[in-house]
Number of protein chains: 2
Amino acid sequence: MNPAPAFDVMDPACPSRTVLRHLTDRWTPLIVTVLSDGSRRFGQLRDEVGGVTAKVLTQTLRSMERDGLVTRSVTASVPARVDYELTDLGRSLIAPIQALRGWAEAHAGQVLDARASWGEG
Amino acid sequence: MNPAPAFDVMDPACPSRTVLRHLTDRWTPLIVTVLSDGSRRFGQLRDEVGGVTAKVLTQTLRSMERDGLVTRSVTASVPARVDYELTDLGRSLIAPIQALRGWAEAHAGQVLDARASWGEG
DNA sequence: CGGCATCCATCCCGATACTG
DNA sequence: CAGTATCGGGATGGATGCCG
């Protein structure tokens, strides 16, 4: 029963569109990459994902939490400690995002070359 | 000679960051997906990629052209005809982007469930 | 048909300051 | 340490109109 509802990203009204957009948020791929190595505290995450501010990191993590990609566990201590970890669903994202990140790092040189020779024909 | 310059997306200053951002632009994954099936005319592309406006489609295609991902060929006729096609570099993107799009469509249901049960924890 | 120009909405994102 | 509050800017993207 309930055959998969046939999500289609080419359909503007399909929910998979917003899912894809979340996956491609500025910091989501980087966060998934760091967390693929295991759970991290908030501060570790902020340090390892270079260039992200605390506010935006929080926003992105909250969004990922709502989407069921990460869990957030608070340890009531002084000072406070909060750990983030990928869920099973989040872990299933590692391979696709690895592929994308890997492509970016592997082909960045070719892209830069293409930009440099732009207009030379 | 020239060992790969070790691009690292975790480094805010690394060019692979901007490359990754382009790959994750709103319409880039959808355009790559359509073009993975073969070249397309501008209008076909606009129709198959649901919801994109002509202006933004042009912008994205130009950006992809600069990055060496697509070629643009103009046929001087009346009315004008313009075809877009993935380059070799662009084709190497098909697999990673397929993986991401596939994940979005395959797991959209689970993400929606997670959102729906948000706060029930 | 393809696409540029213009104007405009908005939305992500960032800097800073402050709190439990 | 791990946030939240506030302010604000710059990029992205959408609507409309004109052109070759």
Side-chain angles (χ1 to χ4, degrees), chain A residues 9-13 17-32 34-35 39-67 70-85 115 118-119, chain B residues 9-13 15 17-32 34-35 39-67 70-85:
Chain A
V9 294
M10 295 304 166
D11 175 3
R17 271 273 174 100
T18 70
V19 171
L20 183 59
R21 285 222 69 185
H22 280 191
L23 301 187
T24 56
D25 270 354
R26 178 162 193 177
W27 303 106
T28 301
L30 303 180
I31 292 172
V32 170
V34 171
L35 290 183
S39 79
R40 288 288 190 281
R41 298 186 56 173
F42 182 85
Q44 291 179 303
L45 221 37
R46 192 193 45 216
D47 292 343
E48 294 187 44
V49 178
V52 67
T53 64
K55 176 192 146 187
V56 172
L57 180 58
T58 300
Q59 282 179 352
T60 307
L61 285 168
R62 288 284 185 285
S63 169
M64 294 174 70
E65 212 188 338
R66 277 192 299 273
D67 285 355
V70 301
T71 56
R72 174 176 182 270
S73 15
V74 180
T75 303
S77 61
V78 179
R81 173 191 177 110
V82 180
D83 289 87
Y84 292 91
E85 188 173 10
R115 287 185 196 160
W118 183 242
Chain B
V9 292
M10 296 303 166
D11 175 3
R17 271 272 174 101
T18 68
V19 172
L20 183 59
R21 286 223 67 186
H22 279 191
L23 302 187
T24 57
D25 270 353
R26 179 162 193 175
W27 304 105
T28 302
L30 303 179
I31 293 171
V32 170
V34 171
L35 290 183
S39 77
R40 290 288 189 279
R41 296 187 56 172
F42 182 85
Q44 291 180 305
L45 220 40
R46 192 192 45 217
D47 293 342
E48 294 188 44
V49 177
V52 67
T53 63
K55 176 193 144 187
V56 172
L57 181 58
T58 299
Q59 282 178 351
T60 308
L61 286 168
R62 288 285 184 285
S63 169
M64 295 174 70
E65 211 189 339
R66 276 192 299 273
D67 286 354
V70 301
T71 55
R72 175 177 181 269
S73 16
V74 181
T75 304
S77 59
V78 178
R81 173 193 178 109
V82 180
D83 289 89
Y84 292 91
E85 187 172 12

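If you're wondering where the values come from, they're calculated on a predicted model, not measured in any experiment. Just so it is clear: chains get the letters A, B, ... in the order the sequence lines come, proteins before strands, and each one is counted from 1. These numbers come from the heavy atoms of this one structure, side chains and all, not from hydrogens, waters or symmetry mates.
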Closest heavy-atom pair and its distance - A:Asp83, A:Arg41: OD2-CG, 3.4 Å
Note: A:Gly50 and B:Pro12 closest approach over all heavy atoms is C-CG, 3.4 Å
With respect to the side chain of [X], which nucleotide from [options] is positioned closest?
{"X": "B:Val56", "options": "C:dA15, D:dG13, D:dG3", "answer": "D:dG13"}
{"X": "A:Arg62", "options": "C:dG20, D:dG3, D:dG20", "answer": "D:dG3"}
{"X": "B:Pro79", "options": "C:dG3, C:dC1, D:dG13", "answer": "C:dC1"}
{"X": "B:Arg26", "options": "C:dG3, D:dG13, C:dC1", "answer": "D:dG13"}
{"X": "A:Val82", "options": "C:dA15, D:dA2, D:dG20", "answer": "D:dA2"}
{"X": "A:Ala54", "options": "D:dG3, D:dG13, C:dG3", "answer": "D:dG3"}

Identify whether any heavy atom of A:Arg41 sits under 4.0 Å from a base atom; if not, whether one sits that close to sugar-phosphate; answer base, sugar-phosphate or nothing. sugar-phosphate
When the distance from [atom1] of [X] to [atom2] of [N] is rounded to whole Å, what number comes out?
{"X": "B:Asp25", "N": "D:dA11", "atom1": "CG", "atom2": "C1'", "value": "11 Å"}
{"X": "B:Arg46", "N": "D:dA15", "atom1": "CZ", "atom2": "P", "value": "13 Å"}
{"X": "B:Glu65", "N": "C:dC4", "atom1": "CD", "atom2": "P", "value": "10 Å"}
{"X": "B:Gln59", "N": "C:dG2", "atom1": "CD", "atom2": "C1'", "value": "15 Å"}
{"X": "B:Trp27", "N": "D:dG13", "atom1": "CH2", "atom2": "C1'", "value": "9 Å"}
{"X": "A:Leu57", "N": "D:dT4", "atom1": "CG", "atom2": "C1'", "value": "14 Å"}
{"X": "A:Arg81", "N": "D:dG3", "atom1": "CZ", "atom2": "C1'", "value": "16 Å"}
{"X": "A:Arg17", "N": "D:dG13", "atom1": "CZ", "atom2": "C1'", "value": "13 Å"}

Looking at B:Arg17 and B:Asp11, is there a salt bridge between them, counting it only when a charged N and a carboxylate O are closer than 4.0 Å? no
Indicate whether OP1 or OP2 belonging to [N] is found under 4.0 Å from a side-chain N or O atom of [X].
{"X": "A:Tyr84", "N": "D:dC1", "result": "no"}
{"X": "B:Arg40", "N": "C:dG2", "result": "no"}
{"X": "B:Arg21", "N": "D:dA11", "result": "no"}
{"X": "A:Arg72", "N": "D:dA2", "result": "no"}

Side-chain donor-acceptor contact under 3.5 Å, A:Arg72 with A:Tyr84: yes
Side-chain heavy-atom pair B:Thr60, B:Val56 within 4.5 angstrom cut-off: yes
